[in-house]
*Asks:* 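The structure's right below; bear with me while I get my questions together.
Computed from a predicted model, the values in this text were never measured in an experiment. All residue numbers refer to positions in the sequence shown, counting from 1.
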Amino acid sequence: MTLYQKINTDFSKHYLGYSAIAIIASTCIGSIAIMYTLINGHDTLQMFMVFLSVAVCSAHNAAILTLQKPKIVLNLLITSLVINILLIIINLAQ
C-alpha cells in the first residue's frame with residue numbers, strides 16, 4: 001500500500017474532521033502565497049499568481065462545501081498545497 005493510499009483511506013474514514021483542518025490549511029497557505037506574491041508587485045504575472053492561488057483554494061473549499069467524494073477533496077487539497085507552496089518558493093526567490 002502506497003503512502004497516498006494510506007492517506008486516502010484515513011482521510012475517507014475521518015472525512016469530517018480532516019475537512020475542517022484542510023480548509024484551514026489550504027486557506028492559510030494560500031493567503032501566505034498571495035501575500036508574498038503581492039510583496040513583489042502587482043504586475044500581470046503577480047495578478048496571474050494571485051488568481052491561480054485563489055482558484056485552487058476556492059476549488060478545494062467548494063468541493064468540501066458541495067460534499068464531493070473524499071478522494072476528490074483530498075486530490076484538490078494536495079493540488080492546492082503544492083501550487084501554493086510553489087508560489088511561495090517562487091516569490092521568495094525573487
*Asks:* Identify the heavy atoms of Leu81 and Ser26 that sit nearest to each other, and give their distance.
*Replies:*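 Heavy atoms only, the tightest pair is CD2-CA, 4.3 Å.
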*Asks:* Would you indicate whether Tyr4, at its atom OH, is surrounded by more than 12 heavy atoms from other residues, nucleotides or ligands within a distance under 6.0 Å?
*Replies:*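 It does: Tyr4 OH has more than 12 such atoms within range.
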*Asks:* Do Met35 and Ile88 belong together in a cluster built from hydrophobic side chains that touch within less than 4.5 Å?
*Replies:*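 Linked, Met35 and Ile88 end up in one cluster.
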*Asks:* Decide yes or no for Leu38 and Met47: does some side-chain heavy atom of the first lie under 4.5 Å from some side-chain heavy atom of the second?
*Replies:*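 The answer is yes; the side chains approach within 4.5 Å.
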*Asks:* Is Val82 linked to Val54 within one hydrophobic cluster, defined over Ile, Leu, Val, Met, Phe, Trp and Tyr using a side-chain heavy-atom separation of less than 4.5 Å?
*Replies:*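 Shared cluster, no.
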*Asks:* Report yes if the side chains of Ser80 and Ile29 come closer than 4.5 Å at any heavy-atom pair, otherwise no.
*Replies:*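 Of all side-chain heavy-atom pairs linking Ile29 with Ser80, none is under 4.5 Å.
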*Asks:* Where the side chain of Gln46 meets the backbone of Asp43, is there a donor-acceptor pair that is under 3.5 Å apart?
*Replies:*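 Yes, the answer is positive, given that a donor and an acceptor are paired below the 3.5 Å cut-off.
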*Asks:* Can you find a pair of side-chain heavy atoms, one from Ile89 and one from Tyr36, that are under 4.5 Å apart?
*Replies:*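 Contact flag for Ile89/Tyr36 side chains = no.
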*Asks:* When you compare the side chain of Leu76 with that of Gln68, does any pair of heavy atoms fall below 4.5 Å?
*Replies:*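 Not in contact.
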*Asks:* Using the rule that Ile, Leu, Val, Met, Phe, Trp and Tyr join whenever any side-chain heavy atoms are under 4.5 Å apart, tell me whether Leu77 and Leu16 fall into a single cluster.
*Replies:*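 Looking at the clustering, Leu16 is in a separate group from Leu77.
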*Asks:* Which heavy-atom pair separates Val73 from His60 by the least distance, and what is that distance?
*Replies:*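 Closest heavy-atom pair between Val73 and His60: O-CD2, 3.6 Å.
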*Asks:* Roughly how far apart are Ile32 CD1 and Thr37 OG1, rounded to 0.5 Å?
*Replies:*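 Interatomic distance, Ile32 CD1 to Thr37 OG1, rounded to 0.5 Å: 11.5 Å.
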*Asks:* Using the ring of each side chain (for Trp, its six-membered ring), is His14 parallel, tilted or perpendicular to Tyr18, with breaks at 30° and 60°?
*Replies:*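 Rings of His14 and Tyr18: perpendicular, as their planes differ by over 60°.
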*Asks:* What is the minimum heavy-atom distance between Ser53 and Ile34, and which atoms define it?
*Replies:*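 Ser53 and Ile34 have their closest heavy atoms at OG-CG1, 3.7 Å.
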*Asks:* Less than 4.5 Å apart, side chain to side chain, heavy atoms only: is that true for Asn84 and Val56?
*Replies:*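 Yes, close enough: below the 4.5 Å cut-off.
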*Asks:* Is any side-chain heavy atom of Lys71 closer than 4.5 Å to a side-chain heavy atom of Leu74?
*Replies:*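 The answer is no, as the side chains (C-beta and beyond) never meet within the 4.5 Å cut-off.
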*Asks:* Once rounded to the nearest 0.5 Å, what's the spacing between atom CD1 of Ile90 and atom CD1 of Ile85?
*Replies:*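 The CD1 atom of Ile85 is 12.0 Å from CD1 of Ile90, to the nearest 0.5 Å.
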*Asks:* Which distance, rounded to the nearest 0.5 Å, do you find between the CD1 of Ile83 and the CD1 of Ile78?
*Replies:*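 That separation rounds to 12.0 Å.
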*Asks:* Once rounded to the nearest 0.5 Å, what's the spacing between atom CG of Leu67 and atom CD1 of Ile72?
*Replies:*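 Between atom CG of Leu67 and atom CD1 of Ile72 there are 11.5 Å.
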*Asks:* Would you say that Met49 contacts Asn40 through its side chain, given a criterion of any heavy-atom pair below 4.5 Å between the two side chains?
*Replies:*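 Not touching, per the 4.5 Å side-chain cut-off.
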*Asks:* Work out which heavy atom in Leu87 is nearest to a heavy atom in Ala33; give both atom names and the distance.
*Replies:*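 Shortest heavy-atom separation between Leu87 and Ala33 comes out as CB-CB, 4.1 Å.
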*Asks:* Nearest heavy-atom pair of Ala63 and Tyr15: which atoms, and what distance?
*Replies:*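 That would be O-OH, 4.4 Å.
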